[in-house]
Novice: 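First, the structure itself, so that you have it in front of you.
One-based numbering along the sequence shown. For ligands, and for the atoms within them, numbers begin at 1 and follow the listed sequence.
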Amino acid sequence: MTKILAITNQKGGVGKTTTSVNLAASLAASGKRVLLVDLDPQANATMGSGINKQKVKNTVYHVLMGNEEIQYVRVSSPQGKYDLIPANRDLAGAEVEMVEFSQREARLKVALEAIAGDYDYILIDCPPALNMLTLNGLCAAHAVMIPMQCEYYALEGLSDLVNTIKRVRNSFNSTLRIEGLLRTMFDPRNILAQQVSDQLQKHFGEKVYRTVIPRNVRLAEAPGFGLPVLYHDGQSKGAQAYLELAKEILAGHL
Ligand code: ATP
Ligand code: MG
């Protein structure tokens with residue numbers, strides 16, 4: 001059965017896109033059929049997958065607007081061995097333009113039904129906001145993955161996100177669950193990071209992935225080459241960490 005994961009956190013710059021691209025590549029490297037949906041007008045997942053956002057004709061925007069069928073929008077990542085529904089700046093207008101649609105929160109969910117059977121995993125890279133785009137991601141998903149940096153304000157933001165997930169569960173998607181919390185850009189020498197990490201485990205227990213993503217310069221460099229880190233420097237700590245995360249997910253994290 002296809003598993004649809006929304007990778008979300010309304011806080012910016014916590015590693016959502018890095019996780020989306022590199023988990024997609026790592027799952028694909030294990031032989032899984034993977035689709036990555038870029039649901040952010042910044043289109044970082046598109047560029048990081050080696051697709052030029054300026055050159056794509058059809059994007060997730062056209063899908064949400066009902067102007068194009070999703071199977072004609074998907075492209076394959078040249079190196080990543082996974083498929084992509086690309087985005088570009090057009091998507092920034094989607095929220096306003098969708099106002100007139102009924103059930104506008106379910107547009108992505110309905111669109112994905114046409115191709116979900118082609119994949120084992122569908123990952124959705126959400127924008128850093130709790131807006132209509134993220135809501136579309138949460139309605140389409142079976143579960144949520146929350147990347148987070150172990151910083152002072154991280155836990156505060158997390159309770160807003162958990163409340164949003166509860167509201168989505170009550171109104172739109174009764175089976176939505178938190179798949180896991182992922183510690184990103186982790187520096188074990190940082191005492192505050194250790195403390196926040198401990199609190200996180202105390203609070204969320206088994207929901208915290210055992211795999212920790214370290215701060216690693218290779219992960220930051222790879223998007224500049226349009227490559228998942230696995231094909232930029234497969235031996236790097238970053239590449240190994242995302243392979244480990246894929247293994248943990250394949251083993252059925254919880
Ligand atoms: P946004 O909220 O803007 O969409 P995001 O949550 O998707 O951001 P990323 O774009 O993945 O976050 O990461 C933010 C920045 O941190 C990027 O420059 C990325 O290359 C870098 N980065 C992410 N993870 C790591 C890591 N483990 N080690 C080093 N740099 C990282
Ligand atoms: Mg991002």
Novice: State which residues pass side chain to side chain contact (heavy atoms under 4.5 Å, CB included) with K3; sequence neighbours excluded, sorted by chain then number.
Specialist: Y121, R177, E179
Novice: Applying a strict 4.0 Å limit to heavy atoms, is P214 in contact with ligand 1?
Specialist: yes
Novice: So how many protein N, O or S atoms does the Mg ion (ligand 2) have within less than 2.8 Å?
Specialist: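 Number of qualifying protein atoms: 1.
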Novice: Tell me, which protein residue and heavy-atom name are nearest atom 30 (N) of ligand 1, and how many Å apart are they?
Specialist: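 Answer for atom 30 (N) of ligand 1: A220 CB, 3.7 Å.
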Novice: Just heavy atoms, cut-off under 4.0 Å: does D125 contact ligand 1 by side chain, backbone, both, or neither?
Specialist: neither
Novice: Starting from atom 26 (C) of ligand 1, which protein heavy atom do you reach first, and at what distance in Å?
Specialist: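 Going atom by atom, the protein heavy atom closest to atom 26 (C) of ligand 1 ends up being M185 CG, 3.4 Å.
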Novice: Donor-acceptor pair, distance only, cut-off 3.5 Å: does the side chain of S174 make one with the backbone of R169?
Specialist: no
Novice: Kindly say whether I213 contributes a backbone atom to a donor-acceptor pair with the side chain of T184 at under 3.5 angstrom?
Specialist: no
Novice: For the pair D125 and K16, find out whether any cationic side-chain nitrogen is under 4.0 Å from an anionic carboxylate oxygen.
Specialist: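 Between K16 and D125 there is no salt bridge, as every charged N stays at least 4.0 Å from the carboxylate O atoms.
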Novice: Under 3.5 Å, N or O to N or O, is I213 touching ligand 1 that way?
Specialist: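 Min N/O separation from ligand 1 is not below 3.5 Å for I213.
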Novice: Using a strict 4.0 Å cut-off to heavy atoms of N216, name the atoms of ligand 1 that fall inside it.
Specialist: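 Every atom of ligand 1 under 4.0 Å from some heavy atom of N216: 26 (C), 28 (N), 29 (C).
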Novice: Only counting residues at least two apart or in another chain, list the ones meeting side chain to side chain contact (heavy atoms under 4.5 Å, CB included) with R215.
Specialist: Q149, M185
Novice: I'd like to know if the side chain of H203 and the backbone of L200 have a donor-acceptor N/O pair within less than 3.5 Å.
Specialist: no
Novice: What residue and heavy atom of the protein are closest to atom 19 (C) of ligand 1, and at what distance?
Specialist: T18 OG1, 3.8 Å
Novice: Are I85 and Y61 connected, step by step, through hydrophobic side chains (Ile, Leu, Val, Met, Phe, Trp, Tyr) whose heavy atoms are closer than 4.5 Å?
Specialist: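 Yes, one cluster joins them.
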Novice: Quick one: pull up CG in L84 and OG in S76 and give me the separation to the nearest 0.5 Å.
Specialist: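 Answer rounded to 0.5 Å: 9.0 Å.
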Novice: Regarding T18 and Y242, is there a side-chain donor-to-acceptor distance under 3.5 Å anywhere?
Specialist: no
Novice: Compute the shortest N/O to N/O distance between G13 and ligand 1 and return yes if it is under 3.5 Å, no if not.
Specialist: yes
Novice: Donor-acceptor pair, distance only, cut-off 3.5 Å: does the side chain of D120 make one with the backbone of T2?
Specialist: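 Judged by distance alone, no pair lies under 3.5 Å.
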Novice: Looking at atom 24 (N) of ligand 1, would you say a protein heavy atom lies below 4.0 Å from it?
Specialist: yes
Novice: Would you say the side-chain atoms of T46 pair up with the backbone N or O of A87, donor to acceptor, closer than 3.5 Å?
Specialist: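 Indeed, once roles are kept as given, a pair shorter than 3.5 Å links the two residues.
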Novice: Going by the order shown, which atoms of ligand 1 are within less than 4.0 Å of some heavy atom of L219?
Specialist: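 Near L219, the atoms of ligand 1 are 26 (C), 27 (N).
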Novice: Hey, does D40 sit under 4.0 Å from ligand 1 if you only count heavy atoms?
Specialist: yes
Novice: Which is it for T17 and ligand 1 at heavy atoms under 4.0 Å: side chain, backbone, both or neither?
Specialist: both
Novice: For atom 3 (O) of ligand 1, what is the nearest protein heavy atom, given as residue, atom name and distance?
Specialist: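 For this ligand atom, the closest protein heavy atom is Q42 NE2, 3.1 Å.
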Novice: Please report the interatomic distance OG(S20) to CG(L5), rounded to the nearest 0.5 Å.
Specialist: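 Interatomic distance, S20 OG to L5 CG, rounded to 0.5 Å: 9.5 Å.
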Novice: Can you name the residues that form a side chain to side chain donor-acceptor pair (under 3.5 Å) with N44, not counting sequence neighbours?
Specialist: none
Novice: Just let me know how P147 lines up against ligand 1, side chain, backbone, both or neither, with a heavy-atom cut-off below 4.0 Å.
Specialist: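 Neither part.
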Novice: In the protein, what heavy atom is nearest to atom 5 (P) of ligand 1, and what distance, to one decimal place, separates them?
Specialist: K16 N, 3.5 Å
Novice: Distance-only, no hydrogens or angles: does the N9 side chain make a donor-acceptor pair with backbone N or O of P147 under 3.5 Å?
Specialist: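 Yes, the answer is positive, given that a donor and an acceptor are paired below the 3.5 Å cut-off.
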Novice: Working to the nearest 0.5 Å, report the span between NE2 of H62 and CG of N88.
Specialist: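 With rounding to 0.5 Å, NE2 (H62) is 7.5 Å from CG (N88).
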Novice: Measure the distance from atom 12 (O) of ligand 1 to every protein heavy atom, then report the residue, atom name and distance (to 0.1 Å) of the closest one.
Specialist: G15 N, 3.0 Å
Novice: Please check if a non-hydrogen protein atom sits closer than 4.0 Å to atom 17 (C) of ligand 1.
Specialist: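 So far as the 4.0 Å threshold goes, atom 17 (C) of ligand 1 is out of reach of every protein heavy atom.
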Novice: List ligand 1 atoms under 4.0 Å from G12, heavy atoms only on the residue side.
Specialist: 2 (O)
Novice: Show me which atoms of ligand 1 lie under 4.0 Å from any heavy atom of V14.
Specialist: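 So the atoms of ligand 1 that pass are 5 (P), 6 (O), 12 (O).
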